[in-house]
Enquirer: 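Let me give you the structure first, and then I'll get to my questions.
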Amino acid sequence: MTRRAFAGSVALAAFTMGTTWLPAPAGAGDPVKDLVRKVEARYQTTTDLTAEFSQSTDIKGFAKPLQSSGRVYIKRPGKLRWDYLAPTLEQIFVDNDKVQFYIPEHKQVMIGQLSKMANSQAPLQLLQGVGRLDRHYLVTVAPDGAKGHGGLPLLSLTLPDGGPDQPRIVVEVDPGSYFLRRVELHDVNGNVSTFTFSAIRANTDLKNELFEFTVPQDVEVVNAPTLAVP
């Protein structure tokens, strides 16, 4: 799969069900706790989402970041369609643990299990909306104290038993809707994928047919590569 498609497959999890991964830290009056409660309240009433996205991926060794954009559709529980529309068409279809990557330019469909493609079980749990990811992540204010649009603090997710070079996710919450506005994925190699979401629409009664994918004729079907799960 392409670098942008795999990054998207992980970021989509971070965008999907914010209510499942934002734990409430201890401490009365904690600004992170207060923000988490508002985000949870918003997502608890959300059954489906549609949004536009832009992606910028900074990869070490590349002079310029990779730019792409498209649209994402999400329906609870566990259904997702992630369409890259520019600069070329790529599509990701997820139904719980089943994932299909369609790359028309390559005349190829890659199929796999999402649980075997991420370096943690947390993204899958987040996507499915099952459980709380405070079992996997610590949520704090971003280390540099940065704030997002509207003055809300950026939130950082890290593994509780990870070292200083562990991967982490930074998210920005929209102050008007309390949906996730921006997601940054920082991997262990220093690469950063930034996703910015706009035109978010919730509860529009998305049909199941939107998330179904039929492999076109004369297209090669291959198994997607897997990553080791720690």
Side-chain angles (χ1 to χ4, degrees), residues 5-24 33 35-55 70-85 90-102 111-137 139 155 157 169-185 193 195-214 224:
F6 181 72
S9 70
V10 179
L12 60 86
F15 179 63
T16 304
M17 289 294 116
T19 183
T20 64
W21 61 258
L22 289 174
K33 183 175 181 179
L35 180 55
V36 165
R37 284 176 174 169
K38 292 176 180 178
V39 173
E40 287 181 338
R42 188 65 173 98
Y43 278 91
Q44 283 171 358
T45 61
T46 302
T47 58
D48 62 58
L49 279 176
T50 303
E52 309 291 329
F53 74 87
S54 60
Q55 176 182 344
R71 185 177 297 113
V72 59
Y73 308 88
I74 300 161
K75 185 174 182 178
R76 299 173 68 179
K79 291 185 181 295
L80 180 138
R81 175 173 171 173
W82 185 275
D83 288 353
Y84 284 99
L85 302 177
E90 295 180 24
Q91 294 179 301
I92 305 171
F93 294 84
V94 176
D95 187 354
N96 292 297
D97 197 28
K98 180 181 179 181
V99 58
Q100 298 177 93
F101 295 82
Y102 177 41
I111 61 173
Q113 292 177 260
L114 190 62
S115 57
K116 295 182 179 180
M117 298 172 62
N119 60 4
S120 168
Q121 293 297 316
L124 174 62
Q125 290 174 326
L126 193 156
L127 175 65
Q128 293 176 316
V130 176
R132 294 181 60 88
L133 291 195
D134 50 352
R135 299 175 184 174
H136 303 275
Y137 287 111
V139 180
L155 301 180
L157 282 71
I169 301 173
V170 176
V171 299
E172 177 184 349
V173 177
D174 184 273
S177 67
Y178 292 102
F179 283 123
L180 303 187
R181 180 178 182 273
R182 182 163 56 92
V183 176
E184 294 178 6
L185 302 179
S193 293
F195 300 81
T196 303
F197 300 97
S198 61
I200 299 174
R201 300 177 62 200
N203 300 332
T204 59
D205 192 26
L206 297 179
K207 304 304 180 184
N208 289 335
E209 290 78 8
L210 180 67
F211 302 91
E212 296 175 356
F213 175 72
T214 301

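What's counted below: heavy atoms across the whole structure, side chains too, no hydrogens, waters or symmetry copies. Note that the structure is a prediction, hence the values are computed from the model and not measured.
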Enquirer: Going by the angle between their ring planes, with limits at 30° and 60°, are Y102 and F213 parallel, tilted or perpendicular?
Expert: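 Rings of Y102 and F213: tilted, as their planes differ by 30° to 60°.
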Enquirer: Hey, can you tell me if F197 and F53 have their rings parallel, tilted or perpendicular (30° and 60° cut-offs)?
Expert: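 Judged by the thresholds at 30° and 60°, the geometry between F197 and F53 is tilted.
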Enquirer: Say whether, by atom type as modelled, one donor and one acceptor occur between the side chain of R81 and the main chain of L210 under 3.5 angstrom.
Expert: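 Such a contact is found between R81 side chain and L210 backbone.
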Enquirer: Go through the structure and list residues passing side-chain hydrogen bond (donor to acceptor under 3.5 Å, both in side chains) with R182, not counting sequence neighbours.
Expert: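 side-chain hydrogen bond (donor to acceptor under 3.5 Å, both in side chains) check on R182 returns E172, E184.
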Enquirer: Between the side chain of D95 and the main-chain N/O of Q100, is any donor-acceptor distance below 3.5 Å?
Expert: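 It does not hold such a pair.
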Enquirer: Please confirm whether the backbone N or O of G70 pairs with a side-chain atom of D83, one donor and one acceptor, at under 3.5 Å?
Expert: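 Side chain of D83 to backbone of G70: no pair is present.
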Enquirer: What pair of heavy atoms forms the shortest contact from L185 to F195, and how long is it?
Expert: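 Minimum heavy-atom contact is CD1-CE1, 4.1 Å.
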Enquirer: I'd like to check V72 versus L80 (side-chain heavy atoms, cut-off strictly below 4.5 Å). Are they in contact?
Expert: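 V72 vs L80: side chains touch.
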Enquirer: Holding to side-chain hydrogen bond (donor to acceptor under 3.5 Å, both in side chains), I want the full list of residues that pass it with E212, two or more places apart in sequence or in another chain.
Expert: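 E212 satisfies side-chain hydrogen bond (donor to acceptor under 3.5 Å, both in side chains) with no residue once adjacent residues are dropped.
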Enquirer: Have a look at K75 and tell me which of T50, N208, T47 forms a side-chain hydrogen bond (donor to acceptor under 3.5 Å, both in side chains) with it.
Expert: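 Output: one option passes, namely N208.
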Enquirer: Knowing that exactly one of E90, Q91, Q55 qualifies, which makes a side-chain hydrogen bond (donor to acceptor under 3.5 Å, both in side chains) with Y84?
Expert: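 Only match with Y84 under side-chain hydrogen bond (donor to acceptor under 3.5 Å, both in side chains): Q55.
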Enquirer: Among L180, V173, D174, which residue satisfies the side chain to side chain contact (heavy atoms under 4.5 Å, CB included) criterion with S177?
Expert: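 Exactly one candidate clears the test, D174.
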Enquirer: Test of understanding: with ring-ring contact (aromatic ring centres under 6.0 Å, His included), list the residues that count as partners of Y178, not counting sequence neighbours.
Expert: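 By the ring-ring contact (aromatic ring centres under 6.0 Å, His included) rule, Y178 matches no residue at all.
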Enquirer: Specify the closest pair of heavy atoms between L206 and L49, including all atoms of both residues, with the distance to one decimal.
Expert: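 Nearest pair, atom of L206 first, then L49: CD1-O, 3.6 Å.
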Enquirer: Determine whether the side chains of K79 and N96 contain a donor N or O and an acceptor N or O closer than 3.5 Å.
Expert: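 Note: K79 and N96 side chains miss the donor-acceptor criterion.
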Enquirer: Mark yes or no for whether T46, through its side chain, and D48, through its backbone, hold a donor-acceptor pair below 3.5 Å.
Expert: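 Not a single qualifying donor-acceptor pair exists.
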Enquirer: I169 versus V183: any side-chain heavy-atom pair under 4.5 Å?
Expert: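 In short, these two side chains touch, coming nearer than 4.5 Å.
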Enquirer: To the nearest 0.5 Å, how far apart are CZ in R201 and CZ in F179?
Expert: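 Those atoms lie 12.0 Å apart.
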